[in-house]
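Predicted model only: the values in this text are computed from it and were never measured. Worth knowing before you read on, the calculation uses all heavy atoms, side chains too, and leaves out hydrogens, waters and symmetry mates. Note on naming: letters A, B, ... go to the chains in the order of the sequence lines (proteins, then strands), and numbering restarts at 1 for each one.
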Number of protein chains: 2
Amino acid sequence: MYTDSQKEECSASLGEAMQVMGSKWSFWVIGELATAPRRFNELRRGLGNISTKSLTEVLRSLEQARIIRRQVFATVPVTVEYSMTDKGMDFLQVYYAMQGWGEKWKDYDIQVQGDKI
Amino acid sequence: MYTDSQKEECSASLGEAMQVMGSKWSFWVIGELATAPRRFNELRRGLGNISTKSLTEVLRSLEQARIIRRQVFATVPVTVEYSMTDKGMDFLQVYYAMQGWGEKWKDYDIQVQGDKI
DNA sequence: CAGTATCCGACATGATACTG
DNA sequence: CAGTATCATGTCGGATACTG
C-alpha cells in the first residue's frame with residue numbers, strides 16, 4: 001500500500017496510524033469497542049450494514065495492528081470477544097481530535113484573499 | 001460513501017475528518033503544504049510517484065473540503081499555488097496526534113491476559 | 001455463534017497521451 | 001505550467017451461501 005520512498009522520507013509513524021484507517025469501517029469499530037468489549041455479531045448489529053466478510057477483515061487488521069484483542073472462550077457455541085488494547089485506548093485521543101476538529105469547522109466558509117499579482 | 005444510518009447514529013463530524021483521508025495521498029499533500037505553499041508540479045515532485053490525475057483529484061477534494069486554497073496567477077505560463085486554509089492548519093493538530101501516537105506505540109507488544117473462562 | 005468461500009461490480013489509482 | 005481525457009488494472013466491499 002505504501003511505497004518505500006514514502007516510508008523513508010515521511011515519517012513511518014504516520015503510516016502506522018494511517019493503516020488503522022485503511023478501512024472505512026475501522027473507526028466505527030473502534031468507536032464501538034471504546035465503550036465496551038463486544039462479540040462478533042454484536043458489532044455487526046451495532047455497525048448496521050457491514051458484511052461478515054468486511055467485518056472479519058477489519059477485525060483481523062486491527063488485531064494485527066494490536067489496536068484490539070481477540071479472545072476465544074470455549075463455550076458451546078463458541079464465544080469470541082473483541083476488546084481494546086492499551087494502544088487502542090490511546091488511539092482514542094486521535095479519534096477525539098478528529099471528532100473535535102470536524103465539529104469545530106463544521107460551518108467554515110473560506111475567506112477569499114485579494115490577488116497577489 | 002457513508003450510509004445515512006452511520007451519519008445519524010455516529011457523529012457526522014467524524015465523517016468530515018474521514019473524508020479528508022479519503023485518498024491515501026491526502027496526508028502527504030497536507031504534510032507538504034503545512035510548511036509552505038506549493039505549486040502543482042512542486043507537489044508532484046515532492047510526493048514522488050503520484051500521477052497528475054491522482055494529484056488533481058486529491059487537490060480538488062481537499063479544496064472542496066476547504067482544507068486548502070487554490071490561487072491562480074495570470075503569469076505566462078499560468079502559475080497556480082496551493083496553500084493551507086485556517087481549517088487546514090488546524091487539522092495539523094490531528095495530523096500530529098496521529099504521528100505522535102504512531103511513534104509512541106511503535107514497538108508495542110501486546111500483553112496476553114489469562115483466560116477468563 | 002463466528003466465521004470462511006466465492007462471485008461480482010464499483011471505485012481508486014496508475015500510465016499514457018494530449019492541451020490552453 | 002497545470003492540468004484534462006482515456007484506458008487499464010487492482011483492490012475494496014457487498015451479497016450470498018455454506019460450516020465447525
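- Side-chain contact, Thr85(A) with Arg66(A): no donor N or O sits under 3.5 Å from an acceptor N or O.
- For dC1(C), the OP1/OP2 oxygens have no side-chain nitrogen or oxygen of Tyr82(A) closer than 4.0 Å.
- At a threshold of 4.5 Å between non-hydrogen side-chain atoms, the residues Ile50(A) and Trp28(A) do not count as touching.
- Rounded to an integer number of Å, the gap from Glu42(B) CD to dC1(D) P is 10 Å.
- Look at Thr75(A) and you won't find any side-chain N or O under 4.0 angstrom from OP1 or OP2 of dC1(C).
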Exercise. Could you give me the CA-CA distance, side-chain angles and deciding distance for Gln71(A) and Thr79(A), then say whether side chain to side chain contact (heavy atoms under 4.5 Å, CB included) is met?
Key: CA-CA 8 Å; Gln71(A) 292 172 94; Thr79(A) 300; over 6 Å; no
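- Atom CG of Leu55(A) is separated from atom P of dC12(D) by 16 Å (rounded to the nearest Å).
- Side-chain to base pairing of Ser51(B) with dT16(C): no donor and acceptor N or O lie closer than 3.5 Å to each other.
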Dot-bracket for DNA chain D, 5' to 3', Watson-Crick and G-U pairs with both distances under 3.5 Å, [ ] for crossing pairs, | for partner on another strand, reads ||||||||||||||||||||
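- Between the P atom of dT13(C) and the CZ atom of Arg44(B) lies a distance of 16 Å, rounded to the nearest Å.
- Atom P of nucleotide dG3(D) and atom CG of Leu59(B) are separated by 7 Å, given to the nearest angstrom.
- Nearer to the 5' terminus of DNA chain D, by closest-nucleotide assignment, is the contact made by Glu57(A) (compared with the other of Pro77(A) and Glu57(A)).
- Between Lys104(A) and Glu16(B), none of the side-chain N atoms (NZ, or NE/NH1/NH2) sits under 4.0 Å from a carboxylate O, so this pair counts as no salt bridge.
- Aromatic ring pairs are classed by plane angle as parallel below 30°, tilted from 30° to 60° and perpendicular above 60°; the pair Phe91(B) and Trp101(A) is perpendicular.
- Picking from dG3(D), dT13(C), dG13(D) the nucleotide with the shortest atom distance to the side chain of Phe40(B) gives dG3(D).
- A straight line from CG of Asn41(A) to C1' of dA2(C) spans 6 Å, rounded to a whole angstrom.
- Glu103(A) contributes atom CD, which lies 14.0 Å from atom OH of Tyr96(A) (distance to the nearest 0.5 angstrom).
- Listed nucleotides: dG20(D), dG14(C), dA2(D). Nearest to the side chain of Thr79(B): dA2(D).
- Taking atom CD1 of residue Ile50(A) and atom C1' of nucleotide dT16(D), one finds them 16 Å apart after rounding to whole Å.
- The nearest whole Å value for the distance from the CZ atom in Arg70(A) to the C1' atom in dA2(C) is 8 Å.
- The one candidate from Arg69(A), Arg38(A), Arg39(A), Arg70(A) that meets the side chain to side chain donor-acceptor pair (under 3.5 Å) condition with Tyr82(A) is Arg70(A).
- One interatomic measurement links the two molecules: NZ of Lys53(B) to P of dA5(D), which rounds to 12 Å at whole-angstrom precision.
- At least one side-chain nitrogen or oxygen of Arg60(A) sits closer than 4.0 Å to the OP1 or OP2 atom of dT4(C).
- Closest to the side chain of Arg39(A), out of dG20(C), dG3(C), dA2(C), is dA2(C).
- In this model, a side-chain donor or acceptor of Thr52(B) finds a partner on the base of dT4(D) within 3.5 Å.
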